Amino acid sequence: MSEKNLPLSNEQLHKLVDDLPTPFYLYDEKAILENARHFKDLFSWAPGFCNYYAVKACPNPTILSLLEKEGFGSDCSSLPELLLSKASGITGERIMFTSNDTPLEEFAEAYKQGAIINLDDISHIESLEKAIGTVPSLICFRYNPGPERTGNAIIGNPVEAKYGVTSEQIIDCYRIMKEKGVKRFGLHTMVASNELDGTYIVETARMLFELCVRIQKEAGVRIEFIDMGGGIGIPYRPEQNAMDLEAVSKGMQELYNQIIVPAGLDPLKIVFECGRVITGPYGYLVSKVLHVSHKYKHYVGIDASMADLMRPALYGAYHHITVVDKQNQSFDHTYDVTGSLCENNDKFAVDRMLPKIEKDDVLVLHDAGAHGHSMGFNYNAKLRAAEYLLKSDGSVVKIRRAQTYDDYVSTLRFEGAPVQI
Ligand SMILES: *Cc1c(COP(=O)(O)O)cnc(C)c1O
């Protein structure tokens with residue numbers, strides 16, 4: 001079971017909703033910080049432990065620099081994410097550049113920033129050299145185990161996944177880079193997304209530990225760090241349980257002692273790139289009911305849409321909904337909770353049991369602190385929502401203003417700008 005509480009009292013939330021245009025995102029600083037510290041403490045046995053927070057989960061510099069102060073790095077896969085990291089005070093090897101299908105100018109910027117470059121493909125060795133005119137002193141490769149592992153629902157079967165170097169190619173990758181003069185090496189994988197079963201993560205560690213031994217034997221390369229990727233899930237549904245991270249840490253430590261220590265590969269640094277499990281449960285999308293209508297089904301239309309939070313429409317994902325003031329009423333009404341896009345899949349919930357809902361009720365969507373605002377878009381010319389941070393001292397600050405019509409049209413050229421051809 002996971003509890004779905006609000007970070008503020010009903011009265012405080014009403015006050016906020018009276019003062020601020022809805023919908024908006026609200027992040028809970030204290031909870032994020034406590035969670036980040038807890039995550040770090042869980043792996044305090046692991047040499048050089050670091051979580052490179054996946055920027056895509058919540059690309060707001062206020063959040064990124066909060067995590068930076070806790071010793072987190074950032075995991076980037078685009079040029080703007082590299083620039084956002086820089087703007088958040090995250091520099092050098094605290095940045096992991098785990099891109100795929102990478103434009104050459106992004107390799108160049110990652111190299112310029114001194115980021116760790118994590119290559120997705122054996123052919124990217126050549127692309128990287130072309131982009132930066134040399135090889136970096138430290139390189140990492142993303143490994144895809146293919147048929148040796150089964151995948152999970154969101155990321156899919158590794159054989160069908162577009163990411164990473166195959167089992168056959170991986171030794172050559174390190175051999176080639178060693179010959180080119182690279183001195184330091186990392187090994188990365190990511191074979192799960194939103195996974196709640198901890199044994200999956202432990203098995204991934206086993207796979208990487210064993211691969212480190214194989215790389216040492218077959219390529220004569222000693223791996224300096226393994227990067228376990230992200231993919232640790234969160235209990236979106238109240239009846240789900242969070243992953244037992246203590247057991248994961250313990251399981252990984254046992255395997256480290258069984259595989260890495262006897263092979264003479266200790267110390268081997270261990271890092272993650274988790275986004276969701278770090279901030280996911282501590283972000284909320286706050287919205288107001290515009291209409292309640294009764295057609296062939298009962299609909300609650302809110303002022304947020306899938307342009308604000310796409311996960312339900314994209315993956316059929318569950319996001320828990322709290323109706324403010326009605327937490328203790330009986331959940332005896334069945335509704336589809338919708339947004340206003342001209343798209344019938346613009347629904348936050350289908351056939352959800354909720355208390356009786358009225359116009360102007362405040363609905364809070366839970367677990368929107370990762371892959372929430374960042375997945376938003378402008379379809380139907382919907383403008384992007386503001387983001388607020390509930391600070392540890394109880395104050396609320398704006399950390400991103402809402403998009404305006406002027407922002408939205410700022411890239412347009414109404415006269416048509418001539419293009420040289
Ligand atoms: C998306 C992604 C992550 C973060 O995933 P979470 O589910 O947020 O933990 C980390 N690394 C890579 C390469 C990713 O694509």
Side-chain angles (χ1 to χ4, degrees), residues 27 32 35-36 38-40 42-43 50-60 63-64 67 72-78 80-82 84-85 90 94-102 106 110 115-121 124 140-145 151-156 158 160-165 186-198 200-201 204-205 208 225-236 240 242-243 245 248 270-283 309-311 314-315 317-319 367-375:
Y27 305 104
I32 290 173
N35 185 47
H38 178 63
F39 192 77
K40 208 170 55 176
L42 277 171
F43 290 93
C50 179
N51 185 61
Y52 291 82
Y53 180 76
V55 172
K56 71 172 188 231
C58 191
N60 189 305
I63 303 292
L64 299 179
L67 294 171
F72 280 40
S74 70
D75 167 42
C76 302
S77 63
S78 71
E81 287 186 352
L82 284 167
L84 277 171
S85 298
I90 304 172
R94 294 277 289 280
I95 301 176
M96 188 73 66
F97 185 61
T98 300
S99 55
N100 66 89
D101 191 22
T102 314
E106 301 199 349
I116 302 175
I117 296 176
N118 185 16
L119 294 183
D120 186 71
D121 191 68
H124 292 188
C140 184
F141 285 98
R142 179 171 188 159
Y143 174 60
N144 179 334
N152 83 341
I154 291 188
I155 212 155
E160 300 290 337
K162 66 172 178 167
Y163 310 107
V165 172
L187 169 63
H188 169 277
T189 201
M190 178 156 165
V191 287
S193 184
N194 194 25
E195 181 61 59
L196 285 173
D197 180 356
Y200 207 89
I201 308 297
T204 298
L208 290 185
F225 70 86
I226 59 159
D227 180 345
M228 298 276 297
I232 296 177
I234 57 171
Y236 285 99
Q240 290 176 317
M243 183 183 287
L245 287 173
V248 168
I270 298 176
V271 308
F272 279 88
E273 294 173 348
C274 288
R276 192 187 313 270
V277 75
I278 304 300
T279 57
Y282 314 111
L309 178 67
M310 177 157 61
R311 298 188 69 260
L314 185 64
Y315 312 118
Y318 179 96
H319 278 264
D367 301 302
H371 312 292
H373 190 283
S374 58
M375 268 193 189

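The structure presented is a predicted model; accordingly, all values stated were derived computationally and were not measured. First listed ligand is number 1; within each ligand, the first listed atom is number 1.
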inquiry  = Parallel, tilted or perpendicular: which one describes the rings of Phe43 and Phe272, with boundaries at 30° and 60°?
reply    = tilted

task = Quick one: look at Met96 and ligand 1, take heavy-atom pairs under 4.0 Å, and tell me if it's side chain, backbone, both or neither.
result = neither

task = Check whether the ring centres of Tyr236 and His319 lie less than 6.0 Å apart, and answer yes or no.
result = yes

query = Nearest to atom 10 (C) of ligand 1, what protein heavy atom do you find, and at what distance?
reply = Glu273 O, 3.1 Å

request  = Would you mind finding which of Ala54, Gly233, Gly231, Gly280 brings a heavy atom closest to atom 6 (P) of ligand 1?
outcome  = Gly231

key: Intermediate values then yes/no, side-chain hydrogen bond (donor to acceptor under 3.5 Å, both in side chains), Glu106 and Ser78   = CA-CA 7 Å; Glu106 301 199 349; Ser78 71; 5.3 Å; no

query = Where does Met190 meet ligand 1, judged by heavy-atom distances below 4.0 Å: at the side chain, the backbone, both, or neither?
reply = side chain

message = Counting only nitrogen or oxygen atoms and a 3.5 angstrom limit, does His371 reach ligand 1?
response = yes

message = Only heavy atoms of Arg142, strictly under 4.0 Å: list the atoms of ligand 1 that pass.
response = 13 (C)

request  = For side-chain hydrogen bond (donor to acceptor under 3.5 Å, both in side chains), just list the numbers for Lys40 and Asn51, CA-CA rounded to whole Å, side-chain angles, deciding distance to a tenth of an Å, and then say yes or no.
outcome  = CA-CA 8 Å; Lys40 208 170 55 176; Asn51 185 61; over 6 Å; no

ask   = Are any of the heavy atoms in Ala370 under 4.0 Å away from ligand 1?
value = no

ask   = What atoms of ligand 1 come closer than 4.0 angstrom to any heavy atom of Thr98?
value = 13 (C)

key: Residue pair Ile116, Phe97: steps toward the side-chain contact (heavy atoms from CB on, under 4.5 Å) verdict   = CA-CA 6 Å; Ile116 302 175; Phe97 185 61; over 6 Å; no

ask   = Does Asp75 come within less than 4.0 angstrom of ligand 1, counting non-hydrogen atoms of the residue?
value = yes

ask   = Do any nitrogen or oxygen atoms of Asn194 lie less than 3.5 angstrom from nitrogen or oxygen atoms of ligand 1?
value = no

ask   = Can Thr189 and Arg142 be said to form a side-chain contact (heavy atoms from CB on, under 4.5 Å), step by step?
value = CA-CA 5 Å; Thr189 201; Arg142 179 171 188 159; 5.6 Å; no

key: Residue pair Ser99 / Ser77, side-chain donor-acceptor N/O under 3.5 Å   = no

request  = Output the distance between atom OH (Tyr53) and atom CD1 (Ile32), rounded to the nearest 0.5 Å.
outcome  = 7.0 Å

inquiry  = Suppose we measure from atom 1 (C) of ligand 1 to each protein heavy atom; which comes out shortest, and what is that distance?
reply    = Lys56 NZ, 1.4 Å

task = May I ask you to check if ligand 1 and Cys274 share an N or O to N or O distance below 3.5 Å?
result = no

